[in-house]
Amino acid sequence: MSQVIAADLVLMDVNLATMDPSRAGYGLVEQAALAIKDDKIVWLGAQHELPSLATETPIVPCRGMWLTPGLIDCHTHLVFGGNRADEFEQRLQGVSYQQIAEQGGGIKRTVAATREASEQSLFELAGKYASAMSQQGVTCVEIKSGYGLDLSSEIKMLKVARRLGESLPLQVQTSFLGAHAVPAEYVAQPDSYIDLVCEQMLPQIAQLGLADAVDVFCESIGFSLAQTEKVFNKAQQLGLPVKLHAEQLSNLGGSALAASYNALSVDHIEYLDEAGVRAIAESGTVATLLPGAFYFLRETQKPPIDLLRKYKVPMAIATDFNPGSSPICSLPLMLNMACTLFSLTPLEALQGVTINGAKALGLDAERGSLTVGKQADLALWDISHPNELSYQFGRNTLQQLWQKGKEVNFGGVQ
Ligand SMILES: [Zn+2]
């Protein structure tokens, strides 16, 4: 007797880029079918091998289009007050970054606007950005705090991120980034600010369950290695995984430090050297590349892609969406930029926003590839090969999106 599968929905006449690491390359399965039950993938394979279906199983005919895992944006600063378009304009009129900072601009201004904004207004603004992301195929996004820089404002940002995850068809992973910048009131005593982060903010935020991970901006203009280590120690005590903004503008050795704490990811890493690459390879830490910030800041130092390949470090790609250095909420554009600016192959780029994006969030057991048993987060594209996702930009080829097995309708925040 032939096997019968119980499914809520079956996609037929579809081509799969499974991105399953147990298959080669894109993990292609052409002329395929894929079955969903509840929020999981329960069957996939060549359509002619599809077992019998219970009568009345709903079928979605996909007319030969391509299905990938829902895209994962593993590094964003999506919740913030105001924007800085006027500073962008000023800079192009010749006003220096220094002058803008002296006038209270830059991150200080975003911190002031975020502190002042109500939770509801932050939620509505962030909802627009998050909806724009899902309209481009994103089903999972990481959102950092870090524009509050005091306990109540950091909590407010993280609550907004959690609410987005509850009200949109989007898995939201939160990172506490209290150590993003030194707030104005602590400018003369950054170590006291780190004490506040470690002794008050982190324990309370952990207790409220608002952070899935802890991040630090480790840089000459951010926090030192010693300060970073203090935050990591506290995170470790509280059982929270860590990640790091590292080696963006200089090589401080942040990535090796992060590796010693088994960090989920090190992000930016333009200045990472071979010893640092070796360290993250050994710890299984993902290298998250952020071509949007590289582009917007007109940087010239590229991340060490050949070394990352040599040591087989998984590379993720993300938008780094934020109001200062990467006001870009298009993950498909990042696919293109990862190829054009960093010379990734289209396959590596797509891995970066699927399986490796999931790894960077510690979610690869349940997301990031089309694999039986994984969550049914699926993006259907009107393309003729998955390499087109990196190649063309500007025409949104997304046809349909499912998150947790449910079709997404793009109504935005309710
Ligand atoms: Zn960032």
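A quick note: this is a predicted structure, and the numbers were derived from the prediction, not measured.
- If you check the side chains of Asn233 and Tyr261, you find a donor sitting under 3.5 Å from an acceptor.
- At least one donor-acceptor pair under 3.5 Å links the side chain of Ser260 to the backbone N or O of Leu257.
- Side chain of Glu116 to main chain of Ala113: no donor-acceptor pair is present (N/O by atom type, distance under 3.5 Å, no hydrogens or angles).
- Under 4.0 Å is where a charged nitrogen must lie from a carboxylate oxygen, and between Lys243 and Asp215 no such pair does.
- Side chain of Glu142 to backbone of Thr174: no donor-acceptor contact under 3.5 angstrom is found.
- Between Leu264 and Val286, the closest side-chain pair of non-hydrogen atoms is not below 4.5 Å.
- The aromatic rings of Tyr129 and Phe321 lie perpendicular to each other, with more than 60° between the two planes, well past the 30° mark.
- When every heavy atom of Leu341 is checked against every heavy atom of Tyr295, the shortest pair comes out as CD1-CB, 3.8 Å.
- In terms of heavy atoms, Leu401 sits closest to Ser134 at CD2-O, 3.3 Å.
- Side-chain contact of Lys234 with Gln237: a donor-acceptor pair under 3.5 Å is present, judged by distance alone.
- Donor-acceptor pairing under 3.5 Å is lacking for the side chains of Asn387 and Ser390.
- Side-chain N or O atoms of Asp73 include one that pairs as donor or acceptor with a backbone N or O of Thr319 at under 3.5 Å.
- A salt bridge does not link Lys374 with Asp364: none of the charged nitrogens is closer than 4.0 Å to a carboxylate oxygen.
- A distance-only check finds a donor-acceptor pair linking the side chain of Thr18 to the backbone of Gly27 [under 3.5 Å].
- A pairwise comparison of heavy atoms in Gly148 and Met157 identifies N-SD, 3.5 Å as the closest pair.
- Without hydrogens or angle criteria, Lys156 side chain to Arg115 main chain gives a donor-acceptor distance under 3.5 Å.
- Distance alone, capped at 3.5 Å, places no donor-acceptor pair between the Ser326 side chain and the Asn322 backbone.
- Between the side chains of Gln99 and Ser96, at least one donor N or O lies within less than 3.5 Å of an accepting N or O.
- Of the inter-residue distances, the one linking Thr397 atom OG1 with Gln392 atom CD reads 7.5 Å to the nearest 0.5 angstrom.
- Judged by distance alone, the side chains of Glu407 and Gln400 do bring a donor and an acceptor atom under 3.5 Å apart.
- The side chain to side chain donor-acceptor pair (under 3.5 Å) contacts involving residues 273-286 comprise Asn251-Asp273, Glu274-Lys310, Glu274-Tyr311, Arg278-Tyr311, Ser283-Thr285, where partners must be two or more places apart or lie in separate chains.
- The only option from Val14, Thr371, Asp20, Leu370 that meets the side-chain contact (heavy atoms from CB on, under 4.5 Å) definition with Leu44 turns out to be Leu370.
- For Asn396 (side chain) and Gln135 (main-chain N/O), a donor-acceptor pair under 3.5 Å exists by modelled atom type.
- Screening His245, His75, Gln248 for a side chain to side chain donor-acceptor pair (under 3.5 Å) with Asp320, the sole residue that qualifies is His75.
- Comment: Asp377 does not engage Lys406 in a salt bridge, judged by the lack of any side-chain N to carboxylate O separation of less than 4.0 angstrom.
- Formation of a donor-acceptor pair under 3.5 Å by the Glu247 side chain with backbone atoms of Gly254 is found in this model.
- Under a 4.0 Å N-O distance rule, the pair Asp382/Arg63 does not qualify as a salt bridge.
- Annotation: salt bridge (Lys or Arg N to Asp or Glu O under 4.0 Å) contacts involving residues 88-101, sequence neighbours excluded, are absent.
- When only modelled atom types and interatomic distance are considered, Gln136 and Ser330 share a side-chain donor-acceptor pair under 3.5 Å.
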